[in-house]
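All values derive from a computational prediction rather than experimental measurement. The basis for the numbers below is simple: all heavy atoms, side chains too, and nothing from hydrogens, waters or symmetry mates.
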Amino acid sequence: NVPFITSIGKAGERYSLSLMTPKRADKTILDGLKKRLMKTNIREYCINCGWSSKTTAENMSLKCPKCTSQMLAVLGLYDESYKLLKRRNLTKEEKKETRKIAKNAGLIVSYGKKGAMVMAGRGIGPDTASRILRIGKDEISTLRDVLEAEINYARTKRFWD
């Protein structure tokens with residue numbers, strides 16, 4: 001069960017790159033994944049007062065230092081969707097984006113740094129993160145689910161939009 005990514009080279013020839021993953025990821029791979037996720041640079045954003053800071057998932061504070069609210073969302077460094085929270089008269093798409101940010105903050109309130117770690121995964125949004133965190137019983141199964149979601153994202157990303 002190996003996913004393939006097909007690309008077109010400079011001269012128009014087709015070639016494929018395969019993402020090789022073992023059937024069951026061993027502890028070494030999962031430890032490396034956890035270390036990468038925890039060291040990933042993120043932006044923490046307080047939905048209550050608008051405070052924002054760049055940090056890593058492992059150093060994330062679980063309360064806003066400005067207003068002590070627990071409603072902190074984990075965003076990518078270059079994600080500027082938090083600016084929508086300050087605007088009025090939003091479109092349907094913009095309202096949908098603000099609901100995603102609120103769901104994101106809710107995951108951090110419920111799961112803490114574990115939620116931040118999962119949200120730091122590549123291509124993992126609040127919907128996928130909530131599914132992973134809801135079914136993840138222990139850290140190993142959670143990391144396996146994150147790895148599976150990242151592979152699925154890499155495999156299907158080119159078909160989006």
Side-chain angles (χ1 to χ4, degrees), residues 1-3 19-85 92-161:
N1 190 10
V2 178
L19 299 170
M20 298 295 291
T21 57
K23 277 281 191 210
R24 288 185 59 88
D26 65 344
K27 182 144 175 50
T28 309
I29 293 172
L30 296 177
D31 285 343
L33 174 66
K34 180 180 178 183
K35 187 180 285 187
R36 177 179 59 81
L37 293 173
M38 294 305 269
K39 299 283 184 193
T40 299
N41 290 320
I42 58 168
R43 174 185 303 277
E44 54 183 338
Y45 179 79
C46 178
I47 321 187
N48 190 38
C49 70
W51 173 84
S52 175
S53 172
K54 294 177 184 176
T55 185
T56 60
E58 72 182 343
N59 294 329
M60 180 180 177
S61 56
L62 297 176
K63 282 189 178 180
C64 174
K66 190 174 175 184
C67 70
T68 67
S69 170
Q70 292 182 348
M71 291 300 284
L72 293 174
V74 172
L75 304 171
L77 282 182
Y78 304 107
D79 183 0
E80 297 195 355
S81 59
Y82 64 91
K83 292 179 180 177
L84 294 174
L85 296 172
K92 264 188 175 178
E93 276 300 310
E94 291 170 338
K95 285 180 183 178
K96 185 177 176 184
E97 195 65 32
T98 58
R99 280 193 295 272
K100 282 174 70 173
I101 294 172
K103 186 173 185 178
N104 181 328
L107 288 174
I108 302 304
V109 169
S110 299
Y111 296 99
K113 290 193 181 196
K114 185 177 181 182
M117 178 187 73
V118 172
M119 291 290 296
R122 293 183 185 128
I124 298 178
D127 296 329
T128 305
S130 65
R131 180 183 50 80
I132 289 171
L133 290 165
R134 195 173 47 239
I135 62 173
K137 293 175 179 56
D138 59 346
E139 188 174 79
I140 299 294
S141 66
T142 300
L143 288 170
R144 278 197 182 107
D145 291 340
V146 168
L147 181 62
E148 185 180 317
E150 284 187 339
I151 290 170
N152 187 45
Y153 170 72
R155 187 173 45 85
T156 61
K157 171 174 90 169
R158 67 187 171 134
F159 299 113
W160 296 4
D161 294 332

Does a side-chain heavy-atom distance below 4.5 Å link V74 with Y45? no
Evaluate the criterion side-chain contact (heavy atoms from CB on, under 4.5 Å) for residue pair L30 and D26; output intermediate values, then yes/no. CA-CA 6 Å; L30 296 177; D26 65 344; over 6 Å; no
Is there side-chain contact between T142 and V118, with at least one heavy-atom pair below 4.5 Å? yes
K113, NZ atom: more than 12 neighbouring heavy atoms under 6.0 Å: yes
Can you sort out the partners of D31 under side chain to side chain contact (heavy atoms under 4.5 Å, CB included), two or more places apart, ordered by chain and number? K27
Looking only at heavy atoms, what is the nearest atom pair of M71 and A105, with distance? CE-CB, 3.8 Å
Smallest separation among heavy atoms of C46 and C49, with atom names: SG-N, 3.5 Å
Value rounded to 0.5 Å, distance of NZ in K34 from CD1 in I140: 8.5 Å
If you measure from CG on N104 to CG on L72, what distance do you get to the nearest 0.5 Å? 10.0 Å
Listed partners of E148 passing side chain to side chain contact (heavy atoms under 4.5 Å, CB included), at least two apart: none
Side-chain donor-acceptor distances from residues 119-130 under 3.5 Å, at least two apart:
residue : atom : partner : partner atom : Å
D127    : OD1  : K103    : NZ           : 2.7
S130    : OG   : P126    : O            : 3.2
S130    : OG   : D127    : O            : 2.8

All heavy atoms of A116 vs all of I108, minimum pair found to be N-CD1, 3.5 Å
I need the N152 CG to L147 CG distance, nearest 0.5 Å. 11.5 Å
Please identify which of these residues, K157, R144, R36, R155, meets the salt bridge (charged side-chain N to carboxylate O under 4.0 Å, His left out) condition with E150. R36
Enumerate the ring pair (Phe, Tyr, Trp, His ring centres under 6.0 Å) contacts for residues 104-134, please, sequence neighbours excluded, ordered by first and then second residue. none
If you round to the nearest 0.5 Å, how far is OG1 of T68 from CG of N48? 8.5 Å
When you measure from the side chain of S110 to the backbone of L107, do you find a donor-acceptor pair of N or O atoms at a distance under 3.5 Å? no
Solution key, residues 60-67 side-chain donor-acceptor pairs under 3.5 Å, sequence neighbours excluded:
residue : atom : partner : partner atom : Å
S61     : OG   : E44     : OE1          : 3.2
S61     : OG   : K63     : O            : 3.4

Who passes salt bridge (Lys or Arg N to Asp or Glu O under 4.0 Å) against E58, sequence neighbours left out? K39
Do D145 and L133 have side-chain heavy atoms sitting under 4.5 Å apart? no
Check the pair T56 / N59 against side chain to side chain donor-acceptor pair (under 3.5 Å), numbers first and verdict last. CA-CA 5 Å; T56 60; N59 294 329; 3.1 Å; yes
How many angstroms lie between CG in L75 and NZ in K54, if you round to the nearest 0.5 Å? 12.5 Å
